[in-house]
Amino acid sequence: MTPREMLRALPVLAHQMPSFDPAAAPAEPAALFADWLGEAVAAGVDEPHAMTLSTVDADGAPDARVLILKDLDAAGWHFATTSTSAKGRQLAANPRVALSFHWREQGRQVRVRGTARPADPAVSRQDFLARPEGSRIATLAGRQSAVLADRAELDRELADIRARLAADPGLVTEAHTVYTVVPVSVEFWQADRDRRHVRLRYRRTDGGWERELLWP
Ligand SMILES: Cc1cc2nc3c(=O)[nH]c(=O)nc-3n(C[C@H](O)[C@H](O)[C@H](O)COP(=O)(O)O)c2cc1C
């Protein structure tokens, strides 16, 4: 079978999916996101907190990668990464981002557009210290996205950091940064087996949020 034949034989949005009534949606997108996230967790969606973060580099070229959503509150959507990584440098030069979630078991997609703001260093430090040891070791290396000469270099560096951390368990790297994506628009997309997909977009206005339906 060729890739083309394989791809075209795959079903898409053919399974049972929940319904979504946009007329009953709350006034705030964060409230609807929290509802959908809860439903995704209850439905057993795998890693519903995995999302794609899209950024642009200094030349305006887009870049994207998967990250974990760490929190959601009135300020926005939070994630954590290394400020010295490729994405960290891109964010410093241009903080405009998009987040996308895909909960395939439910035929749902959420798209967030906004600006990523670094948290107060004390917040990032606290977040770092609350991470499991393995994650702290990886972040302390501080070389995310740099070119790696070979796997042995990584093993040497990790062993070195493990020893440093054993001697000083409170070791922190300032590069670990929590970012908050402050949204300007959030779109909720619910698939429909008859292709009457529902799209509801929230757009930030001076006084709050405006809701509008979009053609699928
Ligand atoms: C499921 C999953 C979760 C991930 N979570 C994170 C994360 O929370 N923070 C992070 O910095 N990288 C995370 N990564 C790795 C990133 O996708 C990426 O490889 C890394 O951050 C380097 O990206 P950059 O070169 O664009 O800076 C995750 C990858 C996957 C597949």
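As the structure lists them, so they are numbered: ligands from 1, and atoms in each ligand from 1.
Residue contacts with ligand 1: R65 is placed with a nitrogen or oxygen under 3.5 Å of a nitrogen or oxygen of the ligand (distance criterion only). Backbone and side-chain nitrogen or oxygen atoms of A80 are examined, and one is located within less than 3.5 angstrom of a nitrogen or oxygen of ligand 1.
Judged by distance alone, the side chains of R193 and Q16 do bring a donor and an acceptor atom under 3.5 Å apart. With no hydrogens or angles considered, no side-chain donor-acceptor pair links H78 and D127 at under 3.5 Å.
Short contacts between ligand 1 and K87, defined as distances under 4.0 Å to a heavy atom of the residue, involve ligand atoms 11 (O), 20 (C), 21 (O), 22 (C), 23 (O), 24 (P), 26 (O), 27 (O). Atoms of ligand 1 lying under 4.0 Å from any heavy atom of A86, numbered from 1 in the order shown and given with element: 24 (P), 25 (O), 27 (O). Each of the atoms 10 (C), 11 (O) of ligand 1 lies under 4.0 Å from some heavy atom of T81. Near L67, meaning under 4.0 Å from any of its heavy atoms, are these atoms of ligand 1: 4 (C), 5 (N), 6 (C), 7 (C), 9 (N), 10 (C), 11 (O), 12 (N), 13 (C). Of all the atoms in ligand 1, the ones that sit under 4.0 Å from a non-hydrogen atom of E47 are 1 (C).
There is a protein heavy atom closer than 4.0 angstrom to atom 11 (O) of ligand 1.
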query = Passes salt bridge (charged side-chain N to carboxylate O under 4.0 Å, His left out), E153 versus R143? Steps please.
reply = CA-CA 12 Å; E153 185 190 0; R143 311 258 301 270; 2.9 Å; yes
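R125 has a carboxylate O that lies under 4.0 Å from a charged side-chain N of E174, or vice versa, which qualifies the two as a salt bridge. Salt-bridge annotation for E187 and R111: present, with a side-chain N of the basic residue lying under 4.0 Å from a carboxylate O of the acidic one.
Put simply, the residue from R131, H176, Q144 that forms a side-chain hydrogen bond (donor to acceptor under 3.5 Å, both in side chains) with T139 is R131.
Atom 8 (O) of ligand 1 has I68 N, 3.3 Å as its closest protein atom, hydrogens excluded (heavy atom only). For atom 16 (C) of ligand 1, the nearest non-hydrogen atom of the protein is V66 O, 3.2 Å. Nearest protein heavy-atom neighbour of atom 24 (P) of ligand 1: S145 OG, 3.3 Å.
Of the heavy atoms in Q144, only side-chain atoms (C-beta onward) come closer than 4.0 Å to ligand 1.
The aromatic rings of W36 and F188 stand perpendicular to each other, their planes meeting at an angle above 60°, with 30° marking the opposite boundary.
Aromatic ring centres of W77 and F33 lie closer together than 6.0 Å.
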